[in-house]
Number of protein chains: 2
Amino acid sequence: MPVRRRTNGNSESVDNYLKAILSLGGPGEHRVTSTALAERLGVAPASITNMLQKLAGAMEPLVEYERHRGVKLSSAGKRRALEVVRHHRLIETFLYKVLDYPIEEVHDEAERLEHFISERFEERIAAKLGHPTIDPHGHFIPTMEGEMPAQASIVLTEVVDGGTFLIDSVDDRDAETLKALEAQGIKAGARLKVKRRTAAEGCLVSVGRSAKALDLSREMAGDIRIVPVGS
Amino acid sequence: MPVRRRTNGNSESVDNYLKAILSLGGPGEHRVTSTALAERLGVAPASITNMLQKLAGAMEPLVEYERHRGVKLSSAGKRRALEVVRHHRLIETFLYKVLDYPIEEVHDEAERLEHFISERFEERIAAKLGHPTIDPHGHFIPTMEGEMPAQASIVLTEVVDGGTFLIDSVDDRDAETLKALEAQGIKAGARLKVKRRTAAEGCLVSVGRSAKALDLSREMAGDIRIVPVGS
DNA sequence: TCGACGATTTAGGTATACCTAATAAGTAGG
DNA sequence: CCTACTTATTAGGTATACCTAAATCGTCGA
Ligand SMILES: [Mn+2]
Ligand SMILES: [Mn+2]
Ligand SMILES: [Mn+2]
Ligand SMILES: [Mn+2]
């Protein structure tokens, strides 16, 4: 039995499958395809099928799986996925606020540590941080009970008319992009004016009270979630 | 390739073998037997032989191994072992000082996390703690360069005459024992008077300025390292 | 010097989590 | 309603790190 199984009982790999299904299933928790999972996790589709069958066939199944019809999380699977997301986001917040990490480095560290911290560690950093509800990228931190509000924001690429918005959150998975965006002032909480859409689904914007126009690529715009602002 | 390989390149298991060889080899760095390793790591002797052959046969061998003659660390192996010990002891210090863990809980958490933290994490907690040189159990923390002073202390079971001592360090691997000892005031830095040896290699002592005699079992005495004190 | 006995190694096998190549199932266009 | 094509699954393999049982090796006492 080589692969580390945590107190919890499942391996790091299993955790990662559950998180990916949670994330790809979206707020509607719709079924996720093998291909989408394969791409997200960077493994071959055949490996996905294997793992899903194992997860679905356990005594306490973590997913509901039907051949050729994708998967969704079981309630046990969802519980564990949210637990891991809670760990991830608390760790990110801790690294940023207490250990003064640069914003673009917190994700990779959290991605590893999320699987290995104890409940005590989780509880202690949460307490130290004053039980935060939002992580440094603007994402909700699931509660200890596994509750997480649905995201009300929209992706910047979905904006049709121009207007003024608040940046709700920024995707943290690509450190390069995150660092570049942050250097332009694009981070959770900042104000953002959308001038117009550009070719190839890009976006011309300005940030804060600056008048300088920024031309965001489609990739960058896709990493930014915003909410309309009254003023 | 299932088993997590860190930035460093070796797996958690490999790290644990290296640490065990460092610890069992003692300050003299003498050869360690398969049996001793099997017992320390809780795996079958056959598994030890397997792993040692693999470690010795790598392009950059981590151990020097000769059939039937035990192993010692190569210089690369020693470097990595000390790096992991540094992680372990820094993490313990951090958990104790910053996250207010009870002393008996730091070891198990550190035992897991030591393999997964980045160099950045190591550097940041070291800085936060003011670059400590001693962990909460009284053990030296290896430097970033992999230097660690040899222990000058002796084990309480080795005392022949009675006398007054300072507690240098307390073994941290058994949480139960550690908690019990701490409850009696037996912890690094405390003053300890040895009255006399008892049957079965136990020890009759008193702690601090208390006159109350404590009867330590051989097991407990074996976990305590002391240094003679002038006064 | 010869066993006996314990220590160690070899042989053969398991589980996890991957992979590639071959096959089968869905799905949409004609 | 039947291909052509894409998506998914099955089949067969690899590496890590374990295990048990069956050899062997080394040493120590007679
Ligand atoms: Mn993240
Ligand atoms: Mn938790
Ligand atoms: Mn420890
Ligand atoms: Mn390090």
Side-chain angles (χ1 to χ4, degrees), chain A residues 1-21 24 30-59 61-72 80 84 111-112 115-116, chain B residues 1-21 24 30-59 61-72 80 84 111-112 115-116:
Chain A
M1 313 83 178
V3 174
R4 169 144 230 150
R5 225 179 286 89
R6 274 80 22 72
T7 322
N8 162 55
N10 25 54
S11 68
E12 182 182 0
S13 263
V14 169
D15 275 358
N16 287 331
Y17 276 80
L18 298 178
K19 269 207 313 178
I21 297 166
L24 294 170
H30 48 261
R31 309 186 85 84
V32 175
T33 65
S34 294
T35 312
L37 279 169
E39 175 150 340
R40 170 66 73 103
L41 295 172
V43 302
S47 305
I48 300 288
T49 301
N50 258 271
M51 180 63 100
L52 296 183
Q53 290 174 343
K54 204 193 66 177
L55 296 180
M59 311 125 306
L62 293 165
V63 302
E64 288 167 33
Y65 164 74
E66 286 173 86
R67 281 176 94 250
H68 294 280
R69 313 197 61 257
V71 262
K72 50 185 301 234
R80 177 59 188 168
V84 179
E111 196 68 32
R112 263 177 295 111
H115 311 288
F116 304 108
Chain B
M1 314 86 177
V3 173
R4 169 143 232 149
R5 226 178 287 90
R6 277 77 26 68
T7 322
N8 163 54
N10 26 52
S11 68
E12 183 182 359
S13 263
V14 170
D15 276 357
N16 288 331
Y17 279 78
L18 298 178
K19 268 205 314 176
I21 296 166
L24 294 170
H30 48 260
R31 309 186 85 84
V32 176
T33 66
S34 295
T35 311
L37 280 169
E39 176 151 338
R40 170 67 73 102
L41 294 171
V43 303
S47 305
I48 301 290
T49 300
N50 258 267
M51 180 63 99
L52 295 184
Q53 289 174 342
K54 205 194 66 180
L55 296 181
M59 311 125 306
L62 293 166
V63 302
E64 288 166 33
Y65 164 74
E66 285 173 87
R67 280 173 97 249
H68 293 281
R69 316 198 58 258
V71 262
K72 51 184 300 227
R80 177 58 187 167
V84 178
E111 197 68 32
R112 264 177 293 111
H115 311 287
F116 303 109

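Lettering of chains follows the sequences in order, A, B, ..., and the numbering in each one begins at 1.
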Item checked: Nearest-nucleotide pick for B:His68, side chain only, options being D:dT9, D:dG26, C:dT10 -> D:dG26
Item checked: Approximate separation, where rounding is to 0.5 Å, of B:Met51 CE and B:Ser34 OG -> 13.0 Å
Notebook entry, point to check: Base, sugar-phosphate alone, or nothing: which one does A:Ser34 contact when heavy atoms must sit under 4.0 Å apart?
Noted result: sugar-phosphate
Next item on the list: Nearest whole angstrom, please: distance from the P of C:dC18 to the CG of A:Leu52.
Entry: 12 Å
Checklist line | Of the listed nucleotides C:dC18, C:dA21, D:dC19, the one nearest the side chain of A:Ser13 | finding: C:dC18
Next item on the list: Could you work out which one of C:dT9, D:dT10, C:dC19 sits closest to the side chain of A:Thr49?
Entry: D:dT10
Margin query: Heavy atoms from C-beta onward define the side chain here; which of D:dT9, C:dA17, D:dA17 lies closest to that of B:Lys54?
Written below: D:dA17
Notebook entry, point to check: Of all the choices, C:dA17, D:dC25, D:dC18, which nucleotide is nearest to the side chain of B:Arg67 once you look at every atom?
Noted result: D:dC25
Check: Rounded to the Å, how far apart are A:Leu41 CG and C:dC19 P?
Finding: 10 Å
Notebook entry, point to check: Measuring from A:Glu64:CD to A:Arg69:CZ, what's the distance to the nearest 0.5 Å?
Noted result: 11.5 Å
Checklist line | Contact check, side chains of B:Lys19 and B:Glu111, non-hydrogen atoms, under 4.5 Å | finding: yes
Margin query: What is the separation between atom CG on A:Asn50 and atom C1' on D:dG12, rounded to the nearest whole Å?
Written below: 11 Å
Next item on the list: Report yes if some heavy atom in the side chain of A:Ile21 is under 4.5 Å from a heavy atom in the side chain of A:Leu62; otherwise report no.
Entry: no
Margin query: Without decimals, in angstroms, what is the distance between B:Asp15 CG and D:dA17 C1'?
Written below: 14 Å
Next item on the list: Check every atom of C:dT9, C:dT20, D:dC19 against the side chain of B:Tyr65 and return the nucleotide holding the closest atom.
Entry: C:dT9
Margin query: Checking contacts here: which listed nucleotide (C:dA17, C:dC19, D:dC18) is nearest the side-chain heavy atoms of B:Tyr17?
Written below: D:dC18
Item checked: Options D:dC19, C:dT10, D:dA17, nucleotide nearest the side-chain atoms of B:Met51 -> D:dA17
Notebook entry, point to check: What's the CZ-P distance between A:Arg69 and C:dA24, to the nearest Å?
Noted result: 22 Å
Margin query: On a heavy-atom basis, which atom in B:Leu37 and which in B:Tyr17 lie closest, and how many Å separate them?
Written below: CD2-O, 4.4 Å
Margin query: Considering every strand and a 4.0 Å limit on heavy-atom distances, what is the contact class for A:Gly70: base, sugar-phosphate, or nothing?
Written below: nothing
Check: Rounded to the nearest 0.5 Å, how far apart are CG of B:Leu41 and CD1 of B:Ile48?
Finding: 5.0 Å
Next item on the list: Round to the nearest Å and state the distance from B:Leu18 atom CG to D:dA17 atom P.
Entry: 11 Å
Notebook entry, point to check: When you measure from the side chain of A:Ser11, which nucleotide among C:dT9, C:dT20, C:dT16 comes out closest?
Noted result: C:dT16
Notebook entry, point to check: To the nearest angstrom, how far is B:Asn16 atom CG from D:dT16 atom C1'?
Noted result: 14 Å
Checklist line | Selection from D:dC19, D:dT10, D:dT9 that lies nearest to any side-chain heavy atom of B:Ser47 | finding: D:dC19
Next item on the list: Take the protein atom CD of A:Gln53 and the nucleotide atom P of D:dA11, then report the distance between them rounded to whole Å.
Entry: 10 Å
Notebook entry, point to check: Relative to the 5' end of DNA chain C, which residue comes earlier, A:Val14 or B:Pro45, by the nucleotide with the nearest heavy atom?
Noted result: B:Pro45
